[in-house]
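Because the structure is a prediction, the values reported are computed rather than measured. Note: hydrogens, waters and symmetry copies are ignored here, and every other heavy atom, side chains too, is used. Residue numbers count from 1 along this sequence.
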Amino acid sequence: MRKKNAFINVTASMGRGLLYAYLYIMFRPKICYQSRKAKEEIEKGGVIFIGNHVGHNDGQMFYMLFKNSVLIIAKDWADKKILKWLTSGGKFISVDRFGTDITWIRGASEHLRAGDNMIIFPEGHTSKTGVMDEFKPGFAMLAVMSGAKIVPVYNDGEYHKLFGKRLKLYVGEPMELTKEGKGLNAEYLAGECARFREAVGQLGR
């Protein structure tokens, strides 16, 4: 069984490598930091990346570009055969986006304390209109429980293959939750979701 799992992990790692090579060649991604200070602080690790969700390539793109990160992935997607294989041996946490189970926050908090970053798409699904949907509170709950800073990221969403505009991710300054009313009550979390949704949108403007 161990040999089988090791083989699966190795082949999955090779598969991810081929996928990342494809993404680099086809979309020529570029990270644009808001400031050098932001980049230096982010490189220390232990932050939560949140971004708008424009397409099915977003998860692997963020995971590829932001090193030492853990990707939060929807369980219904993670259970698909091809993705289940590709995520083998990598740093991924599956979440039931249609349920109320928040036990994933414990594992995510441990990763943050160990210096890993987390990648979350708070909309919970890809946008079909190009307009960001309301943010779900999971990222804010994780920040409350872990004390980690949140880094807004705007994906310009232009996945032009080979020619045309490069794909760009605009990365903002690491932000803290507001101190006043800090907690897990619904009103506070809704306010933080709206604030960080605006922060992501501002990067796009």
Tell me which pairs pass salt bridge (Lys or Arg N to Asp or Glu O under 4.0 Å) where either residue lies in [range], with sequence neighbours left out.
range           : result
residues 99-112 : none
residues 84-100 : Asp76-Arg97, Lys91-Asp116
residues 33-51  : Glu41-Lys149

Run the ring pair (Phe, Tyr, Trp, His ring centres under 6.0 Å) test against [X] and tell me which residues pass, sequence neighbours left out.
X     : answer
Phe66 : Phe49, Phe62
His53 : Phe121
Trp77 : His56

| message | More than 12 heavy atoms of other residues, nucleotides or ligands under 6.0 Å from CE of Met175: yes or no? | response |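 Counting neighbours around CE of Met175, more than 12 heavy atoms of other residues, nucleotides or ligands fall under 6.0 Å, so yes.
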| Any donor-acceptor pair under 3.5 Å linking the side chain of Ser109 with the backbone of Ile105? | yes
| When you measure from the side chain of Arg16 to the backbone N and O of Gln60, does any donor-acceptor pair fall under 3.5 Å? |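 Pair absent, no side-chain N/O of Arg16 close to backbone of Gln60.
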Could you grab the distance from atom [atom1] of [X] to atom [atom2] of [Y], nearest 0.5 Å is fine?
X      : Y      : atom1 : atom2 : value
Lys168 : Asn155 : NZ    : CG    : 12.5 Å
Ser88  : Ile8   : OG    : CD1   : 6.0 Å
Ile31  : Met61  : CD1   : CE    : 10.5 Å

| request: Flag the pair Phe27 / His160 as yes when at least one side-chain heavy-atom distance between them is below 4.5 Å, and no otherwise. | output: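 When only atoms from C-beta onward are counted, His160 and Phe27 do not touch, as no gap falls below 4.5 Å.
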| query | Which residue pairs pass the ring-ring contact (aromatic ring centres under 6.0 Å, His included) test with at least one member in residues 173-193, sequence neighbours excluded? | reply | none
Let me have the donor-acceptor pairs involving side chains of residues 195-205, under 3.5 Å, with sequence neighbours excluded, atom names and distances please.
| residue | atom | partner | partner atom | Å |
| --- | --- | --- | --- | --- |
| Arg195 | NE | Glu192 | OE1 | 3.3 |
| Arg195 | NH2 | Glu176 | O | 2.8 |
| Arg195 | NH2 | Glu192 | OE2 | 3.0 |
| Arg197 | NE | Asp133 | O | 3.0 |
| Arg197 | NH2 | Met132 | O | 2.6 |
| Glu198 | OE2 | Gln202 | NE2 | 2.7 |
| Glu198 | OE2 | Arg205 | NH2 | 2.7 |

| task | Could you pull out all residues at least two apart from Asn5 that satisfy side chain to side chain donor-acceptor pair (under 3.5 Å)? | result |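 Not a single residue meets the side chain to side chain donor-acceptor pair (under 3.5 Å) criterion with Asn5.
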| Where is the tightest heavy-atom contact between Val54 and Gly157, given as atom of each residue plus distance? | CG2-CA, 3.6 Å
| said: Starting from Met14 and following side-chain heavy-atom contacts under 4.5 Å between hydrophobic residues (I, L, V, M, F, W, Y), which residues can be reached? | reply: Val10
Less than 3.5 Å apart, which donor and acceptor atoms pair up between the side chains of residues 17-26 and the rest of the protein, not counting sequence neighbours?
none

| task | Applying salt bridge (Lys or Arg N to Asp or Glu O under 4.0 Å), name anything that partners Glu134, two or more places apart in sequence or on another chain. | result |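 By the salt bridge (Lys or Arg N to Asp or Glu O under 4.0 Å) rule, Glu134 matches no residue at all.
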